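This report refers to the structure that appears directly beneath it.
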Amino acid sequence: MKFVNFEKRERIGIVRINRPDKLNALSPEVLEELKLVVNDISKDDELVSAIITGTGKAFVAGADIGYIGTLDEEGGYEMALMGQEVFSAIENSPKVFIAAVNGYALGGGCELALACDFIIASENAIFGQPEVNLGIMPGWGATQRLAKKVGMNWAKYLILTGDRIDARTAFNIGLVQKVVNHDNLMDEAINIANVIAEKGPTALRLAKESINRSFELGDFGFKYEALLFGKSVGSPEKEEGIKAFFEKRKPNFFK
Ligand code: COA
């Protein structure tokens with residue numbers, strides 16, 4: 001692949017957006033490669049979690065502005081659907097996706113990080129939804145996921161002003177879960193991915209699914225949680241987890 005590198009380290013996948021001369025801007029070609037990699041990760045029985053990061057000084061500086069310039073209304077609609085499909089595949093993947101944000105995460109870059117399950121940021125990271133500066137609005141999920149993740153007020157502030165925020169501010173509003181020294185970003189992200197990769201994959205998948213649906217299900221959300229809890233209790237992984245607890249050892253869910 002030309003624009004997306006993928007590396008497998010035991011139960012962790014590492015995805016690098018690799019178009020540094022354009023600050024990893026997501027052209028249709030980059031998105032297409034990302035889609036293939038995400039689908040491969042989701043189907044890979046050996047993988048439990050995956051990290052997405054960027055090469056160079058940016059995580060992703062947004063959708064490719066040159067490409068947007070060529071589009072009419074219908075093209076814009078198609079482009080929105082194309083990105084949304086990839087980002088929803090990340091959000092709905094049975095694997096846990098961590099965004100390791102190494103620099104600019106603007107526009108589609110911020111939306112890509114939002115589609116991940118949570119975000120670890122370098123102290124150099126910058127977040128923002130600057131689309132309004134270009135006379136357009138976000139189209140790859142920010143109007144939906146930002147409000148859910150950081151609340152309506154911050155979503156409106158970021159999307160309507162186009163302002164950029166640093167990693168600390170992103171942490172303070174709950175967009176980022178951990179800010180780390182720039183040089184340690186990948187080590188920290190890999191450590192967290194490894195912690196997750198030791199858990200039972202069925203429990204992770206079911207818990208992620210239940211959380212993902214928490215905003216849409218209303219009261220039925222509790223029933224849905226109970227159904228998925230039942231599935232986790234009925235899984236062979238529970239046998240091992242509880243046996244290991246009483247034998248005072250670490251569980252091994254991968255025998
Ligand atoms: N789409 C296409 N190309 C982009 C891009 C994007 N979203 N973001 C950056 N690039 C390109 C620049 O055009 C430049 O290309 P060039 O060297 O051929 O001129 C190259 O990447 C480096 O960017 P540059 O602007 O020179 O870097 P900088 O350090 O001065 O500024 C940013 C960095 C991120 C502040 C600036 O690039 C920027 O504002 N990018 C657009 C962010 C945005 O609006 N994203 C939402 C898009 S919908």
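Keep in mind that what you see is a predicted model, and the values were worked out from it rather than measured. Just follow the structure's listing: the first ligand is 1, and inside any ligand the first atom is 1.
Counting protein heavy atoms only, atom 10 (N) of ligand 1 is closest to Lys22 O, 3.8 Å. The nearest heavy-atom contact from the protein to atom 36 (C) of ligand 1 is Leu23 CD1, 4.5 Å. Scanning the protein heavy atoms around atom 17 (O) of ligand 1, the nearest turns out to be Asp21 O, 4.4 Å. For atom 41 (C) of ligand 1, the nearest non-hydrogen atom of the protein is Ile65 CD1, 3.7 Å.
Phe245 belongs to a hydrophobic cluster whose remaining members, ordered by chain and number, are Ile242, Phe246; membership requires side-chain heavy atoms of ILVMFWY residues under 4.5 Å apart, directly or through intermediates.
Closer than 4.0 Å to atom 38 (C) of ligand 1 lies none of the heavy atoms of the protein. In this structure, atom 19 (O) of ligand 1 has its sub-4.0 angstrom surroundings free of protein heavy atoms. Under the 4.0 Å distance rule, the nearest protein heavy atom to atom 13 (O) of ligand 1 falls outside the cut-off. Counting only heavy atoms, the protein never gets under 4.0 Å from atom 26 (O) of ligand 1. By the definition of a contact as any protein heavy atom under 4.0 Å away, atom 1 (N) of ligand 1 is in contact.
In summary, the side chains of Thr202 and Glu237 do present a donor paired with an acceptor at a separation below 3.5 Å, with no hydrogens or angles considered.
For ligand 1, the atoms lying closer than 4.0 Å to a non-hydrogen atom of Leu106 are 34 (C), 42 (C).
Every N/O-N/O distance between Ile136 and ligand 1 stays at or above 3.5 Å. At least one N or O atom of Ala61, backbone or side chain, sits closer than 3.5 Å to an N or O atom of ligand 1. Distances between N or O atoms of Arg164 and those of ligand 1 include no value under 3.5 Å. Taking any N or O of Ala63, backbone or side chain, at least one lies under 3.5 Å from an N or O belonging to ligand 1.
Scanning Gly162, Pro130, Gly139, Pro138 for the heavy atom closest to atom 44 (O) of ligand 1 points to Pro130.
Sparse packing is recorded around CG of Asp219, with 12 or fewer heavy atoms of other residues, nucleotides or ligands lying under 6.0 Å away. Heavy-atom neighbours of Glu46 CD from other residues, nucleotides or ligands within 6.0 Å: at or below the threshold of 12.
Note on ligand 1: Leu26 sits outside its first shell, no heavy atom being nearer than 4.0 Å. In this structure, Lys57 has a heavy atom closer than 4.0 Å to ligand 1.
In terms of modelled atom types and a separation under 3.5 Å, the side chain of Ser93 and the main chain of Ile90 share no donor-acceptor contact. Judged by distance alone, with hydrogens and angles left aside, the side-chain atoms of Thr55 form a donor-acceptor pair with the main-chain N or O of Ile17 at under 3.5 Å. One N or O on the side chain of Asn24 and one on the backbone of Phe59 form a donor-acceptor pair closer than 3.5 Å. Side chain of Glu33 to backbone of Met1: no donor-acceptor contact under 3.5 angstrom is found.
Rounded to the nearest 0.5 Å, atoms OH (Tyr104) and CG (Asn124) are 10.0 Å apart.
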Item to check | Leu114/Trp140 under side chain to side chain contact (heavy atoms under 4.5 Å, CB included): CA gap, chis, key distance, verdict | outcome: CA-CA 10 Å; Leu114 281 167; Trp140 287 347; over 6 Å; no

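Phe118 and Gln177 get closest at one heavy-atom pair: CB-OE1, 3.3 Å.
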